[in-house]
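Order of the sequence lines sets the chain letters (A, B, ...), proteins ahead of strands, with each chain counted from 1.
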Amino acid sequence: MEVAEKKALKSIAIIGNPNVGKSSIFNQLTGLNQKIGNYPGMTVDKMVGQVHVGEKHFELIDLPGTYSLYPKSEDEIIAHKVLNGLGVEKPDAALVVLDACNLERSLLLGTQVIDLGIPLAFVINMKDLAEKRGVNIHTFALYQQLGVPLVMTDARNNQGMEAVRDLFQKENFEVGKPFHKMGFPDLLDEVKREFKLETDYQAFQQLIFADFDPLLPVDQQKWLKDKAKTFGFDGMEQQARETEQRLGQIKALLASTQSSGKGTPKKLHAALDAVFMHPIWGYLTFLAIMLVIFQAIFAWAETPMDLIDGAFAAASGWVAEVFPPGVLTDLLSEGIITGIGGVVIFIPQIALLFGFLAFLEDTGYFSRVVYLMDRMMRPFGLHGKSVVPLISGMACAIPGIMATRNISNTKERLITILVTPWMSCSARLPVYIILIGLTVPDESWMGINLQALALLFMYIFGTVFTLLGALALKYVLQTKEKSFLMTDLPIYRIPRWQTVLLTMYNKSKIFVLEAGKVILAISIILWVLASYGPSGEMQALEAEKEAALEAATEEQKHELASEFASKKLEASYIGIVGKAIEPAIRPLGYDWKIGIALLTSFAAREVFVATVATIYSVGEDVEDELTIREKLDKQVYADTGEKVFNRATGFSLMVFYALAMQCMSTVAVVYRETKSWKWPLIQTIGMTIVAYLGALVTYQIFI
Amino acid sequence: MTAAKLKPRQTYEIVSLSVTPLLVRMMEMGILPGKKISLFKKAPFKGPMAFLIDGNIIALRIEEADLIQIKEA
């Protein structure tokens with residue numbers, strides 16, 4: 001084992017089963033002193049917080065919730081690597097959170113950590129519930145038998161947290177008594193020597209993880225596999241044996257250290273489940289809850305989004321006015337400030353959605369949704385856990401994709417990430433509204449407004465494509481992993497504001513800091529391409545504009561400004577590309593002006609409206625939908641004299657925007673969540689091809 | 001008989017678990033031979049089943065429930 005270097009801070013890893021209140025304890029101890037980082041080569045975030053107790057400071061590493069240390073997903077691989085200091089710095093001690101109502105289950109993980117030989121302490125959480133259930137834990141007897149310091153807490157109600165801080169203050173972490181004796185002593189000795197490990201159990205884990213650790217060098221992997229073969233060591237069989245024996249030992253231990261009460265859910269919880277898990281009411285309540293959330297997001301996100309929009313526009317204008325005109329000022333005001341604005345604008349939606357999701361998660365409701373929806377999702381290669389990300393995608397794909405974290409099956413998670421952008425997000429709304437206004441008559445059919453019907457149709461269209469896309473990917477993507485559902489339905493609890501607010505804050509921070517960089521870079525590139533063109537032309541236009549403005553009257557100036565904005569966009573690199581792709585998009589019913597709008601709106605779909613306004617020189621007042629509509633309605637092809645925005649073109653554009661990626665923020669988030677450029681690129685290209693074909697078919701049908 | 005077929009309002013005992021890659025996962029969730037098991041809820045159209053084991057509600061798909069051998073207690 002490496003000798004721990006002198007560190008400024010002692011580090012402590014916190015680990016526990018899912019739903020034991022581990023994050024509650026982590027949040028209580030660290031508050032806002034949390035940092036999100038990466039484990040190299042892994043998609044799981046590294047959460048590290050700082051704990052200050054008196055004069056002492058500690059680094060607290062939040063490990064993912066697991067039931068054991070066996071390799072099943074990245075969560076366990078990370079726990080394994082951190083607790084054994086493989087490839088990362090080994091923590092000085094571990095804090096294991098146990099569930100007072102489920103000591104047997106908790107101690108499986110707890111005694112595994114003991115056997116790794118790391119100094120540790122136990123926190124037995126949810127003592128309030130155990131008391132209510134009549135479970136009595138003899139802590140001193142437990143301490144004597146395991147040799148591990150332990151405290152009882154009720155972290156939700158902030159009880160016992162002083163005792164936890166005291167553990168830190170006194171650095172009361174001890175190496176427990178070896179709990180379980182492993183078989184294959186000779187094999188384990190060899191592994192210990194080869195990898196310089198201390199305990200048998202570390203060696204056992206190293207053997208088990210040989211197949212799963214993607215960062216283990218190939219020669220070491222081979223060495224471990226060869227050794228296992230020589231000794232006739234079968235990993236799966238040994239895990240099952242160990243679990244069975246360990247649980248047997250735990251049962252015997254608990255017989256003398258715990259007296260248990262009767263274990264049935266309380267009446268209130270059963271009554272709640274009678275509704276929430278009901279074959280009819282369950283689905284209706286879920287639908288109602290989702291409607292309320294959406295209503296709230298649309299109602300509450302709009303104002304802050306408008307404020308952000310206004311503030312960045314003002315800042316951009318201020319810079320342009322105050323600084324000397326030139327390339328740098330333009331870059332700052334139109335490229336960088338607008339780009340940052342494009343990132344910040346998403347915060348209200350992300351924070352609100354995650355606020356609601358954290359609230360529902362914390363009550364214990366979400367696992368019921370997984371239970372209810374799993375059957376419907378399975379035929380499409382999705383999981384019950386895919387439902388929340390997909391539905392979130394109807395507000396915005398970004399929080400939806402960020403919410404796929406808890407889907408443990410890699411394939412199901414990937415499919416969910418890849419299809420979520422097809423759900424009709426709120427950024428499509430302005431595009432749909434303009435196009436429906438242009439192409440669908442404002443008339444009623446059997447009392448239903450046709451325009452409203454068209455909008456509803458677009459939402460259904462998106463959902464259908466999402467499910468069909470998932471179905472196709474189910475057959476395309478290959479995996480060895482078997483899909484399964486095995487989930488605890490925890491008892492209902494009153495959510496804590498601290499958890500909700502911290503989740504809102506952390507998710508927004510992740511988005512701004514990690515996806516934000518990519519979004520800013522792309523928006524600057526797009527800005528450069530839209531503002532600059534081949535040498536001379538831009539300057540010539542600028543000079544022409546100055547001359548025209550000199551001669552113009554006050555009233556004409558406005559019109560001239562928008563006319564030149566249109567000409568400049570036409571002469572820019574994006575304009576040139578837009579013209580170049582015209583032959584390719586003509587079969588879809590688009591002219592080169594729409595081509596330019598398609599290119600600029602890769603930044604975000606709603607940019608389509610602004611670009612169309614510029615290119616058709618509608619004027620500065622983009623907010624005025626009617627003006628845009630009237631102006632667009634008058635556009636005709638120069639060669640044929642036909643209307644550009646006829647019904648077929650409008651429908652074709654709507655289908656294109658329903659199906660194309662057209663959102664660099666989503667690309668950035670997919671990159672972050674899959675930790676590679678492979679999937680966002682495949683996704684963007686794939687969606688663009690489908691969108692092209694869909695728009696082509698639509699145009700040809702309606703023309 | 002397996003847990004996929006147990007009747008409501010009746011308590012059973014887990015006899016054994018089939019040896020599959022899910023075995024360890026089941027054991028660590030507290031699904032163990034000797035434990036009492038009963039049906040809590042069933043999702044419609046052969047969806048997941050929710051079982052009551054040791055005071056915990058655990059949801060499984062029918063395929064997974066089929067790996068749990070039970071007998072009447």
Open item on the list: Check A:R378 with B:E63, please: is the shortest side-chain N to carboxylate O separation under 4.0 Å?
Closed with: yes
Under 4.5 Å from a heavy atom of chain B, the part of [X] involved:
{"X": "A:Y70", "result": "side chain"}
{"X": "A:R241", "result": "neither"}
{"X": "A:D273", "result": "both"}
{"X": "A:L247", "result": "side chain"}
{"X": "A:S483", "result": "both"}

Open item on the list: Checking side chain to side chain contact (heavy atoms under 4.5 Å, CB included) between B:L32 and each of A:E244, A:K251, A:E104, which is the one that passes?
Closed with: A:E104
Task: Positions in residues 232-240 of chain A that reach chain B, provided some heavy atom is under 4.5 Å away - done: A:M236, A:Q239, A:A240
Task: Contacts of residues 277-284 of chain A with chain B (heavy atom under 4.5 Å) - done: A:M277, A:P279, A:Y283
Task: Residue part contacting chain A, namely of B:L23, when any heavy atom lies under 4.5 Å - done: side chain
Task: Residue B:E64 versus chain A: region with a heavy atom under 4.5 Å - done: side chain
Side-chain donor-acceptor pairs of residues 43-50 of chain B under 3.5 Å, sequence neighbours excluded:
none

How far does [atom1] of [X] sit from [atom2] of [Y], to the nearest 0.5 angstrom?
{"X": "B:M29", "Y": "A:N17", "atom1": "CE", "atom2": "CG", "result": "9.5 Å"}
{"X": "A:H269", "Y": "B:I57", "atom1": "NE2", "atom2": "CD1", "result": "9.0 Å"}
{"X": "A:M486", "Y": "B:M26", "atom1": "CE", "atom2": "CE", "result": "4.0 Å"}
{"X": "B:L60", "Y": "A:L485", "atom1": "CG", "atom2": "CG", "result": "7.5 Å"}

TODO: Using a 4.5 Å cut-off on heavy atoms from C-beta on, say whether the side chain of A:R105 contacts that of B:N56.
DONE: yes
Task: Heavy-atom check, side chain of A:R368 versus side chain of B:K41, under 4.5 Å - done: no
Task: Those residues of residues 2-21 of chain B, ordered by number, that approach chain A below 4.5 Å (heavy atom to heavy atom) - done: B:T20, B:P21
Task: A:Y371 side chain to B:K42 backbone, donor-acceptor under 3.5 Å - done: yes
Task: Closest contact, heavy atoms only, B:V24 versus A:T243 - done: CG1-OG1, 3.8 Å
Task: A:E74 atom CD, over 12 foreign heavy atoms within 6.0 Å - done: yes
